[in-house]
Amino acid sequence: MKKVLISPSLLAADFACLSGELERMERAGADAFHLDVMDGVFVPNITFGVPVVASIRKAASLPFDLHLMIRDPFAYIEAFADAGADWITFHLESESDPVKTIDLIHRLGKKAGLSVSPGTPAEELLPFLNKLDLVLVMSVEPGFGGQKFLESCLPKIRLLREHAPQLRISVDGGINAQTGKLCREAGADMLVAGSYLFGAENPAMAVRSLKESTEE
Ligand code: DX5
Ligand code: ZN
């Protein structure tokens, strides 16, 4: 399996000093930044949009792992690509056509990801796997940080790994050292964590604890 990548979710950062927060995570050994875009329609919460992504792009050197929790991602792909997203992930439950949206992301030279919420079976992703660079398995209901990890994501990760040995499989929601280990064992090779990393006294140790098991 590929190296496990750690993607801190900025939702848990201090928005009053985002550039300092980015720097703190870069120094801690993060591999990418996870940016949660919510529109208040697809999920009952609103975060930030294109202008914020474009301006923090200048303050960060790691790739941007964009997670679109919006009703019609297709309509915004180009704007987010221009704003500096590197990986663009949208939801299978959104209203956009998955194939058209994946193709558009690729035409713009970006990596395409498709995500499933906890209630959607992983089997629904299978027809798209050969077109994707990443799948994002939600381990909480999308919309808010700080929720409890749902173990129902583990068989989904296993199934996807069986079907796609080379695919980047990311997990998002309730990730800490213990739940991260369960996800890695199931076959995930990218872990998104918000409250665990930004709330850590020692972020470098927290990043390390997600990459490897420290207890044995
Ligand atoms: C939830 C977001 C997550 C969230 C994770 O809709 O997609 O990225 O920020 O936060 P934690 O790690 O605190 O569960
Ligand atoms: Zn997310």
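Small disclaimer: the values here were computed from a predicted structure and weren't measured. Just so you know, ligand 1 is whichever comes first in the structure, and atom 1 is the first atom listed for that ligand.
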Please round to the nearest 0.5 Å and tell me the distance separating atom NZ of Lys3 and atom CE of Met190. 10.5 Å
Evaluate the ring planes of His91 and Phe42, with Trp represented by its six-membered ring, and classify them as parallel (under 30°), tilted (30 to 60°) or perpendicular (over 60°). tilted
Does anything in residues 53-66 form a side-chain hydrogen bond (donor to acceptor under 3.5 Å, both in side chains)? List the pairs, not counting sequence neighbours. Ser7-Asp65, Glu26-Ser61, His34-Asp65, Arg57-Asp86
Do Leu92 and Pro98 touch side chain to side chain, with heavy atoms closer than 4.5 Å? yes
When you look at Asp189 and Arg161, which way does the salt bridge (Lys or Arg N to Asp or Glu O under 4.0 Å) test go after all the steps? CA-CA 10 Å; Asp189 55 7; Arg161 181 52 76 215; 3.3 Å; yes
Ordered by chain then number, the protein residues lying under 4.0 Å from ligand 1 by heavy atom are Ser9, Leu11, His34, Asp36, Met38, His67, Met69, Met138, Pro142, Gly143, Phe144, Gly145, Gly146, Asp172, Gly173, Gly174, Val192, Ala193, Gly194, Ser195
State the OG-CG distance between Ser9 and Leu191, to the nearest 0.5 angstrom. 13.0 Å
Under 3.5 Å donor-acceptor pairs involving side-chain atoms of residues 194-205, not counting sequence neighbours:
residue	atom	partner	partner atom	Å
Tyr196	OH	Ser209	OG	2.6
Asn202	OD1	Ala204	N	3.2
Asn202	OD1	Met205	N	3.1

Nearest heavy-atom contact between Asp31 and Pro63 is O-CD, 3.4 Å
Around the Zn ion (ligand 2), how many protein N, O or S atoms are found at less than 2.8 Å? 4
Can you check whether Leu10 reaches Asp36 side chain to side chain, under 4.5 Å on heavy atoms? no
